[in-house]
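A short worksheet on the structure shown next.
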Amino acid sequence: MSHDATTSSTLPPALHDLRAQLGDELGRTDAAVRPSNLVRRGAFGVLLLAIVAIFMLALAFGWRPTMVHPVAGTSALIQMLAALTLFALTMREAIPGQRSHPLALLLGALCALTTHLGGGMLPMLPRIDAPATAKGIVCYSIEFGLAIPIIALLLALVHRSLVPSPLRFGLAGGLAVGVASDAIWRLVCPYNDLHHVLTAHSTAVLSITFAALAIVTLRDWLRR
């Protein structure tokens, strides 16, 4: 008889049950934090949410010329790929022994911001005149609304994981979510002047980033 079997047979029933429960929990946790699982499910989830959001926006606002414009479409696609890359790097923050290098996170964040700012100012189609305040509030509100299910996905993917640095995870994850939401709405919004990009879109991205950071920080505090 093995040592483990002998030890198990001599344990009180209550401790034996506790040991079995801990083993099951550790097994589930290990499966939940595998790099391939988190990264694959995260990327697939964001893409699925993006596709659903684009169709919902098309139903709500109608098919806009920007949705089929080559420059606008390519810009939004590049921006989404940058957001997905940063999202994948963020997921690794919740994997023991697999954390992303700080420089990789920094480069990912810079690339995401660059695609966000650069894509927003590319020449696309003739503008539809609207009061600056009105169009800014609409863009800000819709982008924030688009971010809510993606933030929920981010939290659901790591609900069993212990995040060593909530600050890094929240900032990087929030920025990825904000840039992804902006990429989706970019296909609908026809404005790309610098003032509009900075006051409406960039403000929304920053608000989403810090909202995600606050939620992740609260999650970490509640788990203590």
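Both backbone and side-chain heavy atoms feed into the values below; hydrogens, waters and symmetry mates do not. Just so you know, these numbers come straight off a predicted model, no measurement behind them.
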TODO: Could you tell me which non-hydrogen atom of Ala83 sits nearest to which non-hydrogen atom of Ala180, and how far apart they are?
DONE: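 Taking Ala83 first and Ala180 second, the nearest heavy atoms are CB-N, 3.7 Å.
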Out of curiosity, [X] [atom1] to [Y] [atom2], how far, rounded to the nearest 0.5 Å?
X      : Y      : atom1 : atom2 : answer
Leu103 : Leu110 : CG    : CG    : 9.5 Å
Asp182 : Ile142 : CG    : CD1   : 12.0 Å
Leu81  : Leu47  : CG    : CG    : 8.5 Å
Gln79  : Ser181 : CD    : OG    : 10.0 Å
Leu49  : Met56  : CG    : CE    : 10.5 Å
Leu77  : Leu187 : CG    : CG    : 9.5 Å

With sequence neighbours excluded, tell me which residues meet side chain to side chain contact (heavy atoms under 4.5 Å, CB included) with [X].
X      : answer
Leu198 : Leu117, Leu194, Ser202
Ala152 : none
Ala53  : Leu146, Ile184
Ile51  : Phe55

Would you say [X] and [Y] are hydrophobically clustered, going by side-chain heavy atoms of ILVMFWY under 4.5 Å?
X      : Y      : result
Trp185 : Phe87  : yes
Met80  : Ile78  : no
Val197 : Leu206 : no
Leu105 : Val216 : no
Ile208 : Leu84  : yes

Task: side-chain hydrogen bond (donor to acceptor under 3.5 Å, both in side chains) partners of Ser207, counting only residues at least two apart - done: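 Ser207 satisfies side-chain hydrogen bond (donor to acceptor under 3.5 Å, both in side chains) with Tyr140 only.
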Open item on the list: Under the rule for side-chain hydrogen bond (donor to acceptor under 3.5 Å, both in side chains), what residues qualify as partners of Thr85, not counting sequence neighbours?
Closed with: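 Here no residue qualifies.
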Contact between [X] and [Y] at the side-chain level, heavy atoms closer than 4.5 Å - yes or no?
X      : Y      : result
Phe144 : Val205 : no
Leu154 : Val158 : no
Ile54  : Val188 : no
Ile215 : Phe210 : no

Task: Residues clustering with Leu59 (ILVMFWY side chains joined when closer than 4.5 Å, directly or via others) - done: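 Cluster partners of Leu59: none, it stands alone.
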Open item on the list: Using a 3.5 Å distance criterion without hydrogens, assess whether the side chain of Thr115 forms a donor-acceptor pair with backbone atoms of Ala112.
Closed with: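 Confirmed, Thr115 side chain pairs with Ala112 backbone.
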Any pair with a residue in [range] that passes salt bridge (charged side-chain N to carboxylate O under 4.0 Å, His left out), sequence neighbours left out, goes on the list, sorted by first then second residue, please.
range            : result
residues 208-221 : Asp220-Arg224
residues 43-54   : none
residues 100-110 : none

Side chains of residues 167-179: which donor-acceptor pairs under 3.5 Å do they make with residues two or more places apart or in other chains?
| from | atom 1 | to | atom 2 | distance (Å) |
| --- | --- | --- | --- | --- |
| Arg168 | NE | Glu93 | OE1 | 3.4 |
| Arg168 | NH2 | Glu93 | OE1 | 3.4 |
| Arg168 | NH2 | Glu93 | OE2 | 2.9 |
| Arg168 | NH2 | Ser100 | O | 2.9 |

Open item on the list: Counting the benzene-type ring for Trp, do His116 and His201 have ring centres under 6.0 Å apart?
Closed with: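 Between His201 and His116, which both carry aromatic rings, the centre distance is not below 6.0 Å.
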